[in-house]
Q: 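Quick one: this structure, given as structure tokens, is what I'll be asking you about.
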Amino acid sequence: MKLYNTLSKRKEEFVPLEEGKVRMYVCGPTVYNFIHIGNARPMIVFDTVRRYLEYKGFDVNYVSNFTDVDDKIIKKAIEEGVTADEISKRYIAECKKDMEGMNVRPATTHPLATEEIGGMIEMIRTLIEKGCAYEKNGTVYFRTRKFKEYGKLSHKNLDDLRSGERSLLVTGEDEKEDPLDFVLWKPKKEGEPSWQSPWSDGRPGWHIECSEMSKKYLGEQIDIHAGGEDLVFPHHENEIAQSEAANGKEFAKYWMHNAFLNIDNRKMSKSLGNFRTVREISEQYDLQVLRFFMLSAHYRSPLNFSADLMEASKSGLTRIVNAADNLKFLMGNAKTEGMTAEEAEAYEKTQEYVRAFESAMEDDFNTADAAAAVFERVKYSNTTADAGSSKEFLQKLLDRLVSLTDVLGLIVDRKEEMLDGEIEKLIEERQAARKAKDFARADAIRDELLEKGIILKDTREGVQWKRA
RNA sequence: GGCGCAGUAGCCAAGUGGUAAGGCAUGGGUCUGCAACACCCUGAUUCACCGGUUCAAAUCCGGUCUGCGCCUCCA
């Protein structure tokens with residue numbers, strides 16, 4: 001299995017620190033509002049990475065935080081006249097609903113920054129003891145130049161950064177020893193949430209949060225650290241500096257970053273007014289469609305969101321779901337149980353699609369290519385399975401399809417709700433009308449059911465239905 | 001200014017040296033009372049442009065054009 005490591009700028013063979021186990025940390029959202037579709041990309045992408053690792057038999061310890069103390073949260077709390085805690089709790093709950101809709105599995109642990117302050121203070125204390133940090137007027141800064149490898153992730157050199165920072169120098173952050181130094185702890189302002197520390201009542205800087213939470217739940221060294229590409233600098237660069245300076249060992253072995261999501265070819269931003277929340281999308285589409293859309297391109301390529309592309313994704317996903325529905329429908333009407341020799345042979349051929357799927361995923365999680373293998377698999381079962389197929393054969397075809405779509409987090413095997421007696425009666429009545437060639441009546445019933453969200457399909461084997 | 005990414009059919013998108021996957025859309029057909037689903041057929045002598053390396057390039061090198069990202073705690 002190969003994955004692209006931002007650190008080395010190339011694809012590397014994945015070798016876990018401990019055989020059979022993967023320790024993975026994904027930077028989570030700051031919870032000051034509903035999550036937007038840009039937040040959704042890393043969630044979906046890295047959830048898929050996790051699913052594939054588990055599919056390959058790894059025991060994955062997956063940690064993803066919620067940043068629940070931050071300027072934006074405080075600002076929102078002031079606007080609404082409630083506590084910051086109320087805001088963060090509310091949007092964590094909303095975020096979890098969205099994750100469920102996108103079929104993003106809960107992490108092994110979802111730490112909250114506010115519940116880990118003690119550990120952060122300890123880490124800052126260690127950094128000060130080692131001479132890697134210093135305190136000025138209640139603020140603690142990281143001494144960036146003390147960490148010789150600073151810039152190794154974002155591949156920047158300190159002097160280039162320095163020239164870019166000139167404007168900052170004159171804006172009055174002159175209490176820093178060096179403009180590149182960043183905050184580990186800052187004193188509270190009036191009315192802000194705060195915690196006691198040896199330096200001041202205040203709160204931690206953003207970067208130290210992830211360093212500490214990763215250490216606490218996964219240990220000083222982890223396999224994979226992931227997030228959006230905008231986090232490469234400065235967030236992840238700073239995490240490396242803090243963690244490696246404090247712990248004295250390499251922090252994460254592999255760094256994975258997803259590319260950005262644009263909307264109608266423009267960057268999503270508040271000033272452009274093109275911000276789209278996952279919740280908004282869910283009013284128009286099943287979030288499964290959003291997930292499928294996100295996986296239609298490689299995670300390191302920029303992806304453009306538009307209504308047309310969502311429609312195309314919806315059609316594509318429906319094709320996959322239809323194939324599964326069809327297998328289930330045929331299974332319900334199968335006349336024989338055991339597989340014949342020909343069927344066993346036909347089933348063996350599906351192994352080829354599994355191989356194609358896996359080799360796509362093994363190549364830096366190429367989900368677009370993996371989806372192509374799923375489509376070929378779909379075509380194969382659409383052309384191979386029919387009313388004469390045995391139940392066992394159909395079941396095996398379905399199982400194999402589901403095992404692949406599960407890795408992508410696509411649900412194709414939704415449990416069917418029982419039909420209301422009334423609806424069932426209408427379907428029977430329509431069948432009778434059709435037999436009597438009373439098509440006007442038959443169509444009227446079909447329209448009536450459509451209004452109730454039931455779509456009918458007449459097949460040679462009988463009437464198939466599904467919820468819209 | 002510094003660092004970096006991308007440009008493949010109407011749209012989306014794989015493919016990183018061996019002669020262009022897959023999906024959506026379009027058009028035609030089979031099936032069907034009709035519809036829906038499914039199936040078959042329908043697509044790039046060509047991969048932004050120019051030049052080079054090679055027996056061979058969308059894939060490597062150089063240049064040009066275009067779009068974009070990071071360098072401001074925005075995933």
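Chain naming here is simple, since letters A, B, ... match the order of the sequence lines and numbering starts at 1 in each.
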Q: Please report the distance, rounded to the nearest Å, between CD in A/E352 and P in B/rA21.
A: 15 Å
Q: Quiz question: going by heavy-atom distance under 3.5 Å, is there a donor-acceptor pair between the base of B/rC34 and the side chain of A/R446?
A: yes
Q: Does A/S301 have a side-chain nitrogen or oxygen under 4.0 Å from the phosphate oxygens OP1 or OP2 of B/rA14?
A: yes
Q: Taking a pair as Watson-Crick or G-U wobble with both distances under 3.5 Å, which nucleotide is matched to B/rA75?
A: none
Q: Counting the atoms with a prime plus P, OP1 and OP2 as sugar-phosphate, which does A/E229 contact under 4.0 Å by heavy atoms, base, sugar-phosphate, or nothing?
A: sugar-phosphate
Q: How is A/R460 classified with respect to the nucleic acid when contacts are heavy atoms under 4.0 Å: base, sugar-phosphate, or nothing?
A: nothing
Q: Whole angstroms only, please: what is the CD-C1' distance between A/E461 and B/rA38?
A: 11 Å
Q: Considering every strand and a 4.0 Å limit on heavy-atom distances, what is the contact class for A/H207: base, sugar-phosphate, or nothing?
A: nothing
Q: Contact class for A/R430 vs. all strands (heavy atom < 4.0 Å): base, sugar-phosphate, or nothing?
A: base
Q: Measure the acute angle between the ring planes of A/H225 and A/W255, then classify it against the limits of 30° and 60° as parallel, tilted or perpendicular.
A: parallel
Q: In terms of relative ring orientation, are A/H207 and A/H235 parallel, tilted or perpendicular, with 30° and 60° separating the classes?
A: tilted
Q: For a quick check of understanding: with a heavy-atom distance under 4.0 Å over all strands, which category does A/I455 fall into, base, sugar-phosphate or nothing?
A: nothing
Q: Enter the distance from A/F142:CZ to A/K176:NZ here, rounded to the nearest 0.5 Å.
A: 13.0 Å
Q: What integer distance in Å separates A/D369:CG from B/rA21:P?
A: 12 Å
Q: More than 12 heavy atoms of other residues, nucleotides or ligands under 6.0 Å from CD of A/E13: is that the case?
A: yes
Q: Determine whether the aromatic ring centres of residues A/F182 and A/Y141 are separated by less than 6.0 angstrom.
A: no
Q: A/A312 near the nucleic acid: base, sugar-phosphate alone, or nothing, with a heavy-atom cut-off under 4.0 Å?
A: sugar-phosphate
Q: Hey, does A/D458 reach any base, or is it just sugar-phosphate, or nothing, if we go heavy atoms under 4.0 Å?
A: base
Q: Under a 3.5 Å cut-off for both distances, is B/rC5 Watson-Crick or wobble paired, and to whom?
A: B/rG67
Q: Mind checking if A/K437 touches a base, just sugar-phosphate, or nothing, with heavy atoms under 4.0 Å?
A: nothing
Q: For the pair made of CG in A/L261 and C1' in B/rG69, what is the distance, rounded to whole Å?
A: 14 Å
Q: Is the distance between the ring centroids of A/F46 and A/Y62 less than 6.0 Å?
A: no
Q: Please classify the nucleic acid contact of A/G227 as base, sugar-phosphate, or nothing, using heavy-atom distances under 4.0 Å.
A: sugar-phosphate
Q: With a 4.0 Å cut-off on heavy atoms, is A/N238 in touch with a base, just the backbone sugar-phosphate, or nothing at all?
A: nothing
Q: Rounding to an integer number of Å, can you tell me how far A/K435 NZ sits from B/rU32 P?
A: 17 Å
Q: Under 4.0 Å between any heavy atoms, over every strand shown, what does A/F439 touch: base, sugar-phosphate, or nothing? Just pick one.
A: base
Q: Does A/D443 make a side-chain donor-acceptor contact with the base of B/rG33, cut-off 3.5 Å?
A: yes
Q: Report yes or no: is there a donor-acceptor pair, N or O only, under 3.5 Å between the side chain of A/R319 and the base of B/rG23?
A: no
Q: What distance, rounded to whole Å, do you find between the two C1' atoms, one in B/rC65 and one in B/rG27?
A: 36 Å
Q: Any donor-acceptor pair under 3.5 Å joining the side chain of A/K267 to the base of B/rC74?
A: yes
Q: What's the gap between B/rU66 and B/rC60 when it is taken at their P atoms, as a whole Å value?
A: 23 Å
Q: Could you tell me whether A/E376 contacts a base, only the sugar-phosphate backbone, or nothing, with contacts defined as non-hydrogen atoms closer than 4.0 Å?
A: sugar-phosphate
Q: Using centres under 5.5 Å plus planes under 30 degrees as the test, is A/F260 stacked with B/rA75?
A: yes
Q: So if I apply the salt bridge (charged side-chain N to carboxylate O under 4.0 Å, His left out) rule between A/D364 and each of A/K2, A/R10, A/R300, which one comes out positive?
A: A/R300
Q: So what does A/I35 touch, heavy atoms closer than 4.0 Å: a base, only the sugar-phosphate, or nothing?
A: nothing
Q: Any base atoms under 4.0 Å from A/D230, or only sugar-phosphate, or nothing? Heavy atoms, all strands.
A: base
